[in-house]
Amino acid sequence: MSGGDLSAFQNLTDAKVAAYLDRRSAELGLPVPESCRAGVAENLAMLRDQTALFCGVLAGPTDPDAPVEAFEP
Amino acid sequence: MSFDTIQGLGRALREGRTTAREIAQRALAAARAEPFNAFTAVFEAEALMQADAVDAAFAAGVDLGPLAGVPFAVKNLFDVAGHVTLAGSKIRRDAAPASTDATAVARLKAAGAVLIGALNMDEFAYGFVTENAHDGPTRNPHDPSRIAGGSSGGSAAAVSGGILPLTLGSDTNGSIRIPAGLCGVFGMKPTLGRLSRAGTFPFVHSLDHIGPFARTAADLALAYDALQGPDPRDELSPPVSDPLSGRLDALADRSLRVGVLGGWFQQGAFPEVVEALEIVADALQARRDVELPGAQAARAAAFAMSASEGGQLHFDDLAARALDYDPAVRDRLLAGALLPGEVAQAARRYRPVFRDAARKLFEDFDLLLAPVAPCPAPPIGQATMELAGVQVSVRKTLGAYTQPISYIGLPVIAAPVNRPGKPPVGVQLIAPAWREDLAFAAALRLERAGVIAAHRPPEFRG
């Protein structure tokens, strides 16, 4: 995955979340049982919205290769 | 049921009015008969052996300290030697028993406290309700039709309901503070790393904290002191301790500059929650409407980190046996596992940005106040609630005011506001990193002024 994938995830429309779920599930070899699909898609959509909130306030484009500070409270 | 405090039990023991065995027997009987579904296991034989060892020490003239003979229990994600660490799951029921106690359990036992059992929780600590699909819901002692909160719901209910004076829980996004607030007891989430997490089943390693529940601030301090200390098994553990229980009077008299967080931290709060916050703010002469910028984004980042890291941790089990998970947890973990890795990385990158905003605020304040949760305890089984005119998920919303604070690892005491005859409401006493003493200073002063108090549930008042 790359920074482009982050942008693509953030730009998913509701109608395309299910397709993302299927593609990512196949890529990772993580099967999503049929009975879980609706709940997982709903959570993906929520996480997409949450991601927009903090990515929106980070200065500049997100560089996937930039080191992340070892956090100290 | 017994509403003895740790300090009260200690006096009774030292004055020869009871023995550690008698205290343990009463606690074991209460744990076996408790009506809240707080316990998932009771360790009768081991508890009596520990109690007898405490009595033997007293008989030999050895006083193990203020926790000697005090019964306690732990959220069932703490390792207890010889027992399977369930972490609220079905999947781990066949796991091998733990070979050693978690550091926190070992420290309380070494201080003479007697381990009575293990406590109910949301599966893998991923929730705020303790409506566990495998072990059933834990009921709120103040109203058994309502949730105890979570994910350390059993820990809060056991203290609130008079089963035990001391329990341990964990807090990744609010899982100590929320049940403490909804059950009307004291709960403490220390600075990230202050108390060793070694031997606890992780949820999100970079956000996980552990801490105690008790019915008074002084009891909370006794437990906190016993739990402190460096631990090579947890890389975040600090090299020094900061014991507090020997200087509580001085702390209670300390002057404090207090601010009340506005904006995100009161958005959608129920009127009784705002009213309770105002009572505490008045007592501390706090400045109102203090803004901590970026709190909503911080909460979102904590959400994303939890889903992503939790999903990665459980990846293999999700791939092999997803349907054995609690449905409410499974769908979130699966979604988290499917996220691009850059989501969690961006969430981690925002963390120092928000921490620095909080540090700047603490240049003007010693303590910040915020509600624990937007509402008192919702009914068991209620999936949604109205917040600021919008229907939202109970499970995902209860942590709105706690998640930004744990995201940057600040120490907090969740304190029960003294509202006799009304549903419990808690307030977060938020201190700068590594300054737990300031949160205790506020808790002690408020408790001595009668502003905060852990009430007995209605049916146990007498």
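Here is the naming used below: chain letters follow the sequence lines, and residue numbers restart at 1 for every chain. Here the structure is a predicted model, which means the values were calculated and not measured. These numbers come from the heavy atoms of this one structure, side chains and all, not from hydrogens, waters or symmetry mates.
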S.K.: Which value, rounded to the nearest 0.5 Å, describes the distance between B:L338 atom CG and A:E27 atom CD?
M.R.: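 Between atom CG of B:L338 and atom CD of A:E27 there are 9.5 Å.
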
S.K.: Looking at B:L323, B:T191, B:D316, which makes the most heavy-atom pairs under 4.5 Å with chain A?
M.R.: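 The residue among B:L323, B:T191, B:D316 with the greatest pair count is B:L323.
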
S.K.: At their closest point, which heavy atom of A:P31 faces which heavy atom of B:A319, and how far apart are they?
M.R.: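 Looks like CG-O, 3.9 Å.
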
S.K.: So which part of B:F354 gets closer than 4.5 Å to some heavy atom of chain A, the side chain, the backbone, both or neither?
M.R.: neither

S.K.: A:F9 and B:V343: which non-hydrogen atoms are nearest, and at how many Å?
M.R.: CD2-CG2, 4.0 Å

S.K.: Enumerate by number any residue of residues 327-336 of chain B whose heavy atoms lie under 4.5 Å from heavy atoms of chain A; in the absence of such residues, state 'none'.
M.R.: B:R330, B:D331, B:R332, B:L334, B:A335, B:G336

S.K.: Rounded to the nearest 0.5 Å, what's the gap from CZ on B:R348 to CZ on A:F54? Could you check?
M.R.: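 One finds 10.0 Å between CZ of B:R348 and CZ of A:F54.
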
S.K.: For the atom pair CD (B:E342) and CG (A:D5), what is the distance rounded to the nearest 0.5 Å?
M.R.: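 Rounded to the nearest 0.5 Å, the CD-CG separation comes to 6.0 Å.
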
S.K.: How long is the gap from CG on B:L339 to CZ on A:R48, to the nearest 0.5 Å?
M.R.: 12.0 Å

S.K.: Closest heavy-atom contact between B:L192 and A:F71?
M.R.: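 Of all heavy-atom pairs spanning B:L192 and A:F71, the closest is CD2-CD2, 4.2 Å.
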
S.K.: Could you tell me which of B:P411, B:A297, B:A358, B:A320 has the largest number of non-hydrogen atom pairs under 4.5 Å with chain A?
M.R.: B:A297

S.K.: Can you name the nearest heavy-atom pair linking B:P340 to A:Y20, along with the distance?
M.R.: CD-OH, 3.1 Å

S.K.: Do you know which of A:D49, A:V32, A:L47, A:L21 has the most heavy-atom pairs with chain B at a distance under 4.5 angstrom?
M.R.: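 Top count of heavy-atom pairs under 4.5 Å with chain B: A:L47.
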
S.K.: Taking non-hydrogen atoms and a cut-off under 4.5 angstrom, which of residues 389-403 of chain B neighbour chain A?
M.R.: B:K396

S.K.: Only counting residues at least two apart or in another chain, list the ones meeting side chain to side chain contact (heavy atoms under 4.5 Å, CB included) with B:R359.
M.R.: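 Scan of B:R359 (side chain to side chain contact (heavy atoms under 4.5 Å, CB included), adjacent residues dropped) gives B:R355, B:D356.
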
S.K.: Report, in residue-number order, which members of residues 301-311 of chain B are under 4.5 Å from chain A by heavy-atom distance.
M.R.: B:A301, B:F303, B:A304, B:A307

S.K.: Please find the pair of heavy atoms, one from A:L28 and one from B:F315, that lie closest to each other, and give the distance.
M.R.: O-CZ, 3.5 Å

S.K.: Between B:A322 and A:P33, which heavy-atom pair has the shortest distance, and what is it?
M.R.: CB-CG, 4.0 Å

